Chemist: 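Quick one: the structure is below, and I'll ask about it shortly.
Throughout, a chain's letter reflects where its sequence line sits, starting with A, and its residues are numbered from 1. Here the structure is a predicted model, which is why all the values come from computation and not from measurement.
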Amino acid sequence: MLVEGVRAYGLIAGMWLRAGMTYRASFAATLVGNLVMTGLDFVAILLMFSQVDSLGGWSLPEVALLYGLSVTSFGIADLVLGSMDVLGARMRDGSFDTLLVRPAPVLAQVGADRFAPRRLGRIVQGAVVLGWALVSVDVDWSVPKVLLVPVMVVSGAAIFSAVFVAGAAFQIFAQDAAEVQNAFTYGGTTLLQYPPSVFGKDLVRGATFLVPLAFVNWVPVCHLLGRPYPVGLPPWVSFASPLVAVACCVPAGLAWRAALRAYRSTGS
Amino acid sequence: MDTNGRVGAVDPFIELDGVEKVFEVRRKTGFMRRERHRVRAVDSISFAVARGEMVGYIGPNGAGKSTTIKMLTGILTPSAGRLRVAGIEPSRERTRLAHRIGVVFGQRTTLWWDLPLIDSYRLMHRMYRIPDARYRENLDRLVELLELGSLLDVPVRQLSLGQRMRGDIVAALLHDPEVLYLDEPTIGLDVVSKAKVREFLRQLNAERATTVLLTTHDLQDIEQLCSRVMVIDHGRLVYDGALAGLHESGESERTLVVDLARELPPIDAPPPARVVRVEGPRQWLAFPASESAAGLVARIAAEYPLVDLSVREPDIEAVIAKMLHGDSHGKEVGRPVP
Ligand SMILES: Nc1ncnc2c1ncn2[C@@H]1O[C@H](COP(=O)(O)OP(=O)(O)OP(=O)(O)O)[C@@H](O)[C@H]1O
Ligand SMILES: [Mg+2]
């Protein structure tokens, strides 16, 4: 199933890439445009730091670390599953039906739909900020701490992907609820660009336990920087991100399967 | 192939047993108030289709035809009943079944809208794991038969309806499916395109023994293609048998339109044929669909100054309506399903 999904994804994404590459100039332009657009969030942070020295007790490199991790993880999930938000439209016009009669996992077909390299813009931008933050931040680097960085990125991407998939499943159940999904995904990545200390306790708790976005960066970064956890958690959780990622992906996958069985198509 | 299925003399390739589909619909009945009610789109349907059969599936709008096809392809999960295609339960093993079926939705395309036709076919080639030689052979044959050669590099959205429909048929057949479902494949097509599609389907069924199930509102599709028809109404199967039997149970009539040299009183036709309308030199005569027009035509030609004539087939909705509302032949089932 997974192998089939990856294969189908590659086939469809490849087709869109080949189709898109025929307009090389516009490819470069959209990539740069996307880089600038998504980079504006970081510009906002820089502007804030031109007025203050710290944000909720966090320095600029520290916030940049959060930002870089959040944006890179989200960028990967968005690259892979970014077209989930057109699901609502596809269900309304009935074209979702046609995905179901093909011999490939629907998730792969939806994710790879209209695959465009411009989706790389966010990752590139996030990775640049992350790279700068990693060399600027004041951390006692050790082997586990170095390893924690890629683990965070991959787990974070998996957590965001699970949220995407769960949102997509919800869209099928609720017919059309793209806004709800976007609130969690796009809203989530913006939330995680800032230190937990600038938000109210309830929001942080929600982001930790309900939709465990906190494990994308807040919790492990607190470990890196030797800061207290945003909410009272045992010390070992700094390495729990992969477990949390699995714990998110499994129910999201099950919800997706249930949603496909409950899918009701359209009347015409 | 499938050894645990019931392969034998009967070999039911498609099997439905008491299949139902109920939709729960929520309707706004006022500010913040919603009313739920259930629509029984398919109501306890049972039938079997053997390998190589070509079956017409007809009925009025909203009867449940598309819903049935969606269950047969695994798009929709039945609310109740047992359904098997090639021994597979469609909604459970959709992807496995996909390799063995082809689907054409007249109302929407399965092709990639923004990409050239050939890109869709190339992708299907890989996605269905069609062996290279087979793919090339099928593509060449289908493209030639359906006259798509000059259109392969055209983006799907630029194709006309008839061209797109033919493009969709090619896509549905590249992987040599054992069964082809067609949901209104001739909708919106002109006479020439319809004829092309029909001729193609007839050939496909004859040469490759592909099982075909098609829905349509065009009786000619059925007349020219299907030896067997199933009629569904309000989600229930009300007729399953030969087309001729449907005409009988509906007591349907064909219409003979004659143009005479001049205005004349109504033609004195031998019963049960009778004049139903006169308009200047043109007269309309109704006669039983089960009878040949030849005798009637010969008689009129002998006695009247005949200039031109044409025969109109009964319209499918009229036949069904007559069948459904006719008193004695109401809910007759031509061939009871075991
Ligand atoms: N997704 C859906 N949600 C709610 N009701 C539906 C849905 N799909 C179909 N229905 C209802 O089920 C019934 C059967 O619909 P279906 O599309 O199967 O009819 P049909 O025989 O294909 O008609 P047509 O000839 O108009 O295509 C209709 O009353 C329709 O309103
Ligand atoms: Mg229909």
Chemist: Can you tell me how far CZ of A:F96 sits from CZ of B:R108, rounded to the nearest 0.5 angstrom?
Modeler: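 Spacing of CZ (B:R108) from CZ (A:F96) equals 12.5 Å.
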
Chemist: Under a 4.5 Å heavy-atom cut-off, does chain A meet the side chain of B:R94, its backbone, both or neither?
Modeler: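 Interface part for B:R94: side chain.
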
Chemist: Going by heavy atoms in the side chains, are B:L115 and A:W16 under 4.5 Å from each other?
Modeler: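 Yes, at least one pair of side-chain atoms sits under 4.5 Å.
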
Chemist: Which heavy atom of A:R102 sits nearest to which heavy atom of B:Y128, and what is that distance?
Modeler: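 Closest heavy-atom pair between A:R102 and B:Y128: CA-OH, 4.0 Å.
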
Chemist: Looking at B:I101, B:V103, B:T67, B:T110, which makes the most heavy-atom pairs under 4.5 Å with chain A?
Modeler: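 Of B:I101, B:V103, B:T67, B:T110, B:T110 has the most heavy-atom pairs under 4.5 Å with chain A.
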
Chemist: Heavy atoms under 4.5 Å from chain B: which residues of residues 2-15 of chain A carry them?
Modeler: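 So far as heavy atoms go, A:E4, A:R7, A:L11, A:I12, A:M15 are the residues that approach chain B to under 4.5 Å.
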
Chemist: Output the option from B:G102, B:S91, B:G62, B:P116 having the highest count of non-hydrogen pairs under 4.5 Å with chain A.
Modeler: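 Result: the option with the highest number of such pairs is B:S91.
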
Chemist: Among all residues two or more places apart in sequence or in another chain, which pass the side chain to side chain donor-acceptor pair (under 3.5 Å) test with A:D113?
Modeler: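 Scan of A:D113 (side chain to side chain donor-acceptor pair (under 3.5 Å), adjacent residues dropped) gives A:R90.
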
Chemist: Anything under 3.5 Å between a donor and an acceptor, one on a side chain of residues 67-74 of chain A, the other on a protein residue two or more places apart or in another chain? List them.
Modeler:
{"unit_1": "A:Y67", "atom_1": "OH", "unit_2": "A:T38", "atom_2": "O", "d": "3.4"}
{"unit_1": "A:Y67", "atom_1": "OH", "unit_2": "A:F42", "atom_2": "N", "d": "3.4"}
{"unit_1": "A:Y67", "atom_1": "OH", "unit_2": "A:Q125", "atom_2": "OE1", "d": "2.7"}
{"unit_1": "A:S70", "atom_1": "OG", "unit_2": "A:T189", "atom_2": "O", "d": "3.0"}
{"unit_1": "A:S70", "atom_1": "OG", "unit_2": "A:T189", "atom_2": "OG1", "d": "3.0"}
{"unit_1": "A:T72", "atom_1": "OG1", "unit_2": "A:G68", "atom_2": "O", "d": "2.5"}
{"unit_1": "A:T72", "atom_1": "OG1", "unit_2": "A:G126", "atom_2": "O", "d": "3.4"}
{"unit_1": "A:T72", "atom_1": "OG1", "unit_2": "A:A127", "atom_2": "N", "d": "3.4"}
{"unit_1": "A:S73", "atom_1": "OG", "unit_2": "A:L69", "atom_2": "O", "d": "2.9"}
{"unit_1": "A:S73", "atom_1": "OG", "unit_2": "A:V153", "atom_2": "O", "d": "3.3"}

Chemist: Any idea which heavy atoms bring A:T98 and B:T109 closest together, and the distance?
Modeler: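 For A:T98 and B:T109, the tightest heavy-atom pair comes out as CG2-O, 3.4 Å.
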
Chemist: To check you understand the geometry: which heavy-atom pair defines the closest contact between A:S265 and B:I75, and what is its length?
Modeler: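 Minimum heavy-atom separation between A:S265 and B:I75: CB-CG2, 4.4 Å.
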
Chemist: In terms of heavy-atom proximity below 4.5 Å to chain A, should B:W113 be classed as side chain, backbone, both, or neither?
Modeler: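 No part of B:W113 comes within 4.5 Å of chain A.
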
Chemist: For A:R257, is the CZ atom crowded, meaning more than 12 foreign heavy atoms sit under 6.0 Å from it?
Modeler: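 For A:R257, atom CZ is not crowded (no more than 12 foreign heavy atoms under 6.0 Å).
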
Chemist: Looking at B:H234, I want to see if its NE2 is surrounded by more than 12 non-hydrogen atoms of other residues, nucleotides or ligands under 6.0 Å.
Modeler: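 Not more than 12 within 6.0 Å, no.
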
Chemist: Residues of residues 153-165 of chain B under 4.5 Å from chain A (heavy atom pairs)?
Modeler: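 Listed by number: none.
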
Chemist: Does B:K70 reach the main-chain N or O of A:T266 with its side chain, forming a donor-acceptor pair under 3.5 Å?
Modeler: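 Side chain of B:K70 to backbone of A:T266, a donor-acceptor pair under 3.5 Å: yes, one is there.
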
Chemist: Please flag which part of B:R92 lies under 4.5 Å from any non-hydrogen atom of chain A: side chain, backbone, both or neither.
Modeler: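 Both parts, backbone and side chain.
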
